[in-house]
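A short worksheet on the structure shown next.
The analysis underlying the following values was restricted to heavy atoms, covering all of them including side chains, and did not include hydrogens, waters or symmetry mates. Nothing fancy with the numbering, it's 1 onward along the sequence.
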Amino acid sequence: MLNDLTSILIKFRSNPVAITSDIEKAFLQVKLEPEERKFTKFVWLSDSGDTESEFDTYQFKSVLFGATPSPFILNAVVRAHLDTYNTSAIARDLQNNIYVDDVISGVNNTNEAIDYYTHANEMMTSGGFNLRSWSTNDNTLREIATSDNKHTEDVEVGILGMRWNTETDVLSYKHVDMPPLNQLLMKRDVVSATASIYDPIGLLSPVHIQAKLFIQSIWRSNIEWDTPLDILTLLSGKVLLVNCIT
């Protein structure tokens, strides 16, 4: 039931006005039935300052963050709540553009952005969910959210693993520390560095593919994980293939 992350990001960039928000303490807003709480038991020291003290047993009254079924439960609850607004286009948009507790969407103009902001807040609040940390590239909506104390102060915000500058309206990638080429590289370093590049919509594919080809050549050479690489010999002079991981 989770919405497709790649689809959300593509739709997010297809609108002139981009909008993001997140649900405050989303999982904790979903309460558990009393008979289901016994499955969330945990123990805690009766005296936190004494490691030899007896354990007390507690149980969660709300859906806990980090449990395997928690994202599904939250998604199901949010969808069920928004189904009560079955005639609202904004409710349907929220259903299709919420990923766990993040809202990632967009509209055509400022008036639609204000309408989206107003009704999304009203609908989610009626279900016990508070939308906060609103970000947008629209100045008017930014001022409204700021006056409501719902706008994030950050100019650059996280968007499902990517970075978005709301003033320049540019998507970017998190910086990845790569091993310098003037030190001994091993297969482990190359695979680790290549895997650390998170590119959900494939914008870096023309460059990233070079690193994957490099890894293929290493595997074909039967090089062990911690054997230093002789790059010039291994790549037959194609040193540019390794440059994409720096």
Quick one: are Met162 and Tyr173 in side-chain contact, heavy atoms under 4.5 Å? yes

Any donor-acceptor pair under 3.5 Å from Lys150 side chain to Leu131 backbone: yes

Would you say that Ile159 contacts Leu9 through its side chain, given a criterion of any heavy-atom pair below 4.5 Å between the two side chains? yes

Quick one: do Ile19 and Val170 end up in the same hydrophobic cluster if we chain Ile, Leu, Val, Met, Phe, Trp and Tyr together by side-chain heavy atoms under 4.5 Å apart? no

Would you indicate whether Lys31, at its atom NZ, is surrounded by more than 12 heavy atoms from other residues, nucleotides or ligands within a distance under 6.0 Å? yes

Should Trp134 and Thr20 count as side-chain neighbours, where that means a heavy-atom distance under 4.5 Å? no

Ignoring hydrogens, what is the shortest heavy-atom contact between Ser105 and Asn97? Give both atom names and the distance. OG-ND2, 4.0 Å

Do Ile215 and Ile223 land in one hydrophobic cluster if side-chain heavy atoms of ILVMFWY residues count as linked below 4.5 Å? yes

Please indicate whether Asn149 has more than 12 foreign heavy atoms, meaning atoms of other residues, nucleotides or ligands, lying under 6.0 Å from its CG. no

Would you say Leu45 ends up clustered with Val43 if hydrophobic residues are merged whenever their side chains have heavy atoms under 4.5 Å apart, either directly or through other cluster members? yes

Close side-chain approach of Ser46 to Phe55, heavy-atom, < 4.5 Å: no

Measure the spacing between OG of Ser53 and CH2 of Trp44 and express it to the nearest 0.5 Å. 11.0 Å

What distance separates Ile144 CD1 from Ile114 CD1, expressed to the nearest 0.5 Å? 4.0 Å

Closest non-hydrogen contact found for Thr87 with Arg92 is C-NH1, 3.9 Å

Hey, are the side chains of Asp102 and Leu160 touching, using non-hydrogen atoms and a 4.5 Å cut-off? yes

Could you please spell out the steps behind the side-chain contact (heavy atoms from CB on, under 4.5 Å) verdict for Leu28 and Val63? CA-CA 6 Å; Leu28 297 180; Val63 172; over 6 Å; no

Under 3.5 Å: donor-acceptor pair, side chain of Ser196, backbone of Ala193: yes

Test your reading of the model: is there a side-chain donor-acceptor pair from Asp115 to the backbone of Asn111, 3.5 Å cut-off? no

Looking at Thr146 and Arg142, would you say the former's side chain and the latter's main chain have a donor-acceptor pair under 3.5 Å? yes

When rounded to the nearest 0.5 angstrom, what distance separates CG in Asn130 from CG in Asn121? 7.5 Å

Give a yes or no on whether the backbone of Lys212 and the side-chain of Gln216 come within a donor-acceptor separation of less than 3.5 Å. no

Can you tell me if Phe65 has over 12 outside heavy atoms packed within less than 6.0 Å of its CZ? no

Before you tell me yes or no, could you show the steps for Val17 and Asn108 under side-chain contact (heavy atoms from CB on, under 4.5 Å), namely the whole-Å CA-CA distance, both residues' side-chain angles and the distance that decides it to 0.1 Å? CA-CA 6 Å; Val17 179; Asn108 290 316; over 6 Å; no

Close side-chain approach of Val78 to Leu74, heavy-atom, < 4.5 Å: yes

Kindly assign one of parallel, tilted or perpendicular to the pair Trp164 and Phe12, based on the angle between their ring planes and the thresholds 30° and 60°. perpendicular

Any chance you could lay out the side-chain contact (heavy atoms from CB on, under 4.5 Å) test for Val103 and Asp22, step after step, and finish with the verdict? CA-CA 6 Å; Val103 179; Asp22 71 77; over 6 Å; no

Ignoring hydrogens and geometry, is there a side-chain-to-backbone donor-acceptor pair from Arg163 to Leu171 under 3.5 Å? no

Derivation of the side-chain contact (heavy atoms from CB on, under 4.5 Å) call for Ser172 and Glu156: CA-CA 10 Å; Ser172 61; Glu156 188 171 270; 4.1 Å; yes

Exercise: identify the closest heavy-atom pair between Asn3 and Arg79: OD1-NH2, 2.9 Å

Using side-chain heavy atoms (C-beta onward) and a distance below 4.5 Å, is His81 in contact with Val77? no

Would you say the side-chain atoms of Asn165 pair up with the backbone N or O of Glu167, donor to acceptor, closer than 3.5 Å? yes

In terms of hydrophobic clusters joined by side-chain contacts under 4.5 Å, are Phe39 and Ile73 together? no

Can you tell me how far the CG atom of Asp169 sits from the CZ atom of Arg13, to the nearest 0.5 Å? 4.0 Å

Does any N or O in the side chain of His208 come within less than 3.5 Å of the main-chain N or O of Thr194, such that one atom is a donor and the other an acceptor? yes

Would a distance-only check, ignoring hydrogens and angles, find a side-chain to backbone donor-acceptor pair under 3.5 Å from Asp199 to Gly202? yes

With a 4.5 Å limit on heavy-atom distance, are the side chains of Met123 and Ile90 in contact? yes

Salt bridge flag under 4.0 Å for residues Asp93 and Lys11: no

Closest heavy-atom pair and its distance - Lys41, Lys38: CG-O, 3.4 Å

Heavy-atom closest contact (Val157 atom, Ser135 atom, distance): CG1-OG, 3.5 Å

Could you state whether Leu64 and Val30 fall into the same hydrophobic cluster, counting links through intermediate Ile, Leu, Val, Met, Phe, Trp or Tyr residues with side-chain heavy atoms under 4.5 angstrom apart? no

Between the OG1 atom in Thr40 and the NZ atom in Lys61, the distance rounded to the nearest 0.5 Å is 11.0 Å

Atom CD of Glu54: over 12 foreign heavy atoms under 6.0 Å: no

Measure across Val107 and Glu112 and return the closest heavy-atom pair with its distance rounded to 0.1 Å. CB-OE1, 3.6 Å

Whether the side chain of Lys174 engages the backbone of Gly161 through a donor-acceptor N/O pair (distance < 3.5 Å, no angle test) should be reported. no

If the test is side chain to side chain donor-acceptor pair (under 3.5 Å), which one of Asp138, Asp148, Thr136 qualifies with Tyr117? Asp148

Quick one: CG on Asp4 to CD1 on Ile8, what's the gap to the nearest 0.5 Å? 7.0 Å

